[in-house]
Amino acid sequence: MNDTFSQFVSFLRENAETIRSDLLMPADSWRRSLYSDVFRENYVTFRDASSVSKVISATDSTEFVRELYNGKKIILIRSYTTVGKRVYTSFISKVMSVARDDLQRFLTMLMEHSEHLSILEMLRHERPDFILVDGSLSGRLFKNLNPVDAEGYDNFHEEYVQTLGKLVETVSGLNIPLIFMAKSSETSAFRKFLLNTLKNHRPKDEAVNAESRLKASDHYLVRSLARVPGYTKPIVQPVRKIWKEGDEKFPIVLTHILPRETDLPIKVDIVMSPDGYVPDTVEPTVIPQEIIDLMFWGYGDLKTYNIWLADVDRLVKFRSSEVENIYMKAFEKEIGISFYETRGERRARIRI
């Protein structure tokens, strides 16, 4: 009899305490007592959001990949940016070779690149008050930009960076806040800010020095220490303009919101330059109350963390019926070959 489940249960029982403490600080944790006061000083309880009467644009993307029997991939990438009922599209379709080890990184970059293009297209016609994007800006700026082994995309990393730079420069020039919202995050910028604050007040504290050598994400702190809905006091980070030579920088504002005490934090990166101010180091800042209200008022429930992004996600997503009955039927008709995918892909398609 297959005993993998019993092995899994044994693993959980042996490691339960470590796993739990990695997800949530134990009540008697020295970490909890270390961060308790400084976190409370830098966390803002949120009461009620004012209704939002601004023009909001929202951007998201979707992908479809099918492997052909010759090893090449059919790749479809679609991005939508919506403003009310209006939709601005970026669509990429390719049949190409991509190294298996590079495929996921390439697809992620291609989707993000497509999103940047659809926002730029929208800005040729619209001037929304706020631009919402599903994802992380810091993740796009600090990602692995080494070349990918993808047919015809030898310099894609450079095109990606330049388009992202054009987007940042465009919204900054128009003074439209560009707001990235990420459901998951490994960032620790807020934690490092809290640690630096502690170091300034308690430079010889062994607990502070010990914590500096450990790793923990911002979301770990917020999920463990926040007791009520609210948000971390915004901090502004200087980030190098990777699309330019030299050390010129621009500011990213970071905050984490907890719209409901039973939910998970949401990381929010904001590009805005009301004064064109770029600090030398990470430091506290303020953002318009309108943006905070936007984050909380737009929260739906545990499944819908933002109503505008949820709407564009439903609109842009590839459905199995759409892909199989429209796109793949068109492929067979125009190319004239029925058995084009691998055996594994064909079995999966027949099961749908």
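Everything numeric in this text was worked out from a predicted model, so none of it was measured.
Contact of the F250 side chain with the R240 side chain is not registered, since no non-hydrogen atoms from C-beta on lie closer than 4.5 Å. Between I131 and I179, the closest side-chain pair of non-hydrogen atoms is not below 4.5 Å.
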Exercise. Is there a salt bridge (Lys or Arg N to Asp or Glu O under 4.0 Å) between R124 and E121 once you walk through the steps?
Worked result: CA-CA 5 Å; R124 294 187 184 98; E121 176 61 25; 2.5 Å; yes

For this session: Go through the steps for E324 and R66 under the test salt bridge (Lys or Arg N to Asp or Glu O under 4.0 Å), then give the verdict.
Result: CA-CA 11 Å; E324 300 302 342; R66 174 151 295 165; 2.8 Å; yes

Problem set entry | side chain to side chain donor-acceptor pair (under 3.5 Å) evaluation trace for S136 with R140 | CA-CA 7 Å; S136 166; R140 300 177 194 215; over 6 Å; no

Problem set entry | Derivation and outcome, salt bridge (Lys or Arg N to Asp or Glu O under 4.0 Å), residues R227 and E261 | CA-CA 6 Å; R227 292 285 178 266; E261 59 270 26; over 6 Å; no

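Ring pair Y88/H125 is parallel by interplanar angle, where below 30° counts as parallel and above 60° as perpendicular. Below 30°, between 30° and 60°, or above 60°: for F296 and F46 the angle between ring planes is below 30°, a parallel geometry.
Under the 4.5 Å side-chain heavy-atom criterion for grouping Ile, Leu, Val, Met, Phe, Trp and Tyr, L141 is not connected to V282 through any hydrophobic cluster. Note on I307: it clusters hydrophobically with Y305, by side-chain heavy-atom contacts below 4.5 Å among ILVMFWY residues. Under a hydrophobic-cluster definition in which Ile, Leu, Val, Met, Phe, Trp and Tyr are linked whenever side-chain heavy atoms come within less than 4.5 Å, directly or via other members, Y43 and V286 are assigned to different clusters.
In this structure, a donor-acceptor pair under 3.5 Å is absent between the side chains of N155 and E159. Side-chain N/O atoms of S114 and S90 include a donor and acceptor closer than 3.5 Å.
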Considering only distance and modelled atom types, tabulate donor-acceptor pairs under 3.5 Å from the side chains of residues 54-61, sequence neighbours left out.
from	atom 1	to	atom 2	distance (Å)
K54	NZ	E290	OE2	3.1
T59	OG1	T81	OG1	2.7
S61	OG	E115	OE2	2.6

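We find that K267 and D269 are joined by a salt bridge, their nearest charged nitrogen and carboxylate oxygen being less than 4.0 Å apart. K143 has a carboxylate O that lies under 4.0 Å from a charged side-chain N of E112, or vice versa, which qualifies the two as a salt bridge. Under 4.0 Å is where a charged nitrogen must lie from a carboxylate oxygen, and between K73 and E151 no such pair does.
Atom CD of E211 is separated from atom CG of D205 by 11.0 Å, given to the nearest 0.5 angstrom.
Members clustered with L23: F8, F11, L12, I19, by chain and number, using a 4.5 Å side-chain heavy-atom cutoff among hydrophobic residues.
Residues satisfying the ring pair (Phe, Tyr, Trp, His ring centres under 6.0 Å) criterion with F142, sequence neighbours excluded, are absent altogether.
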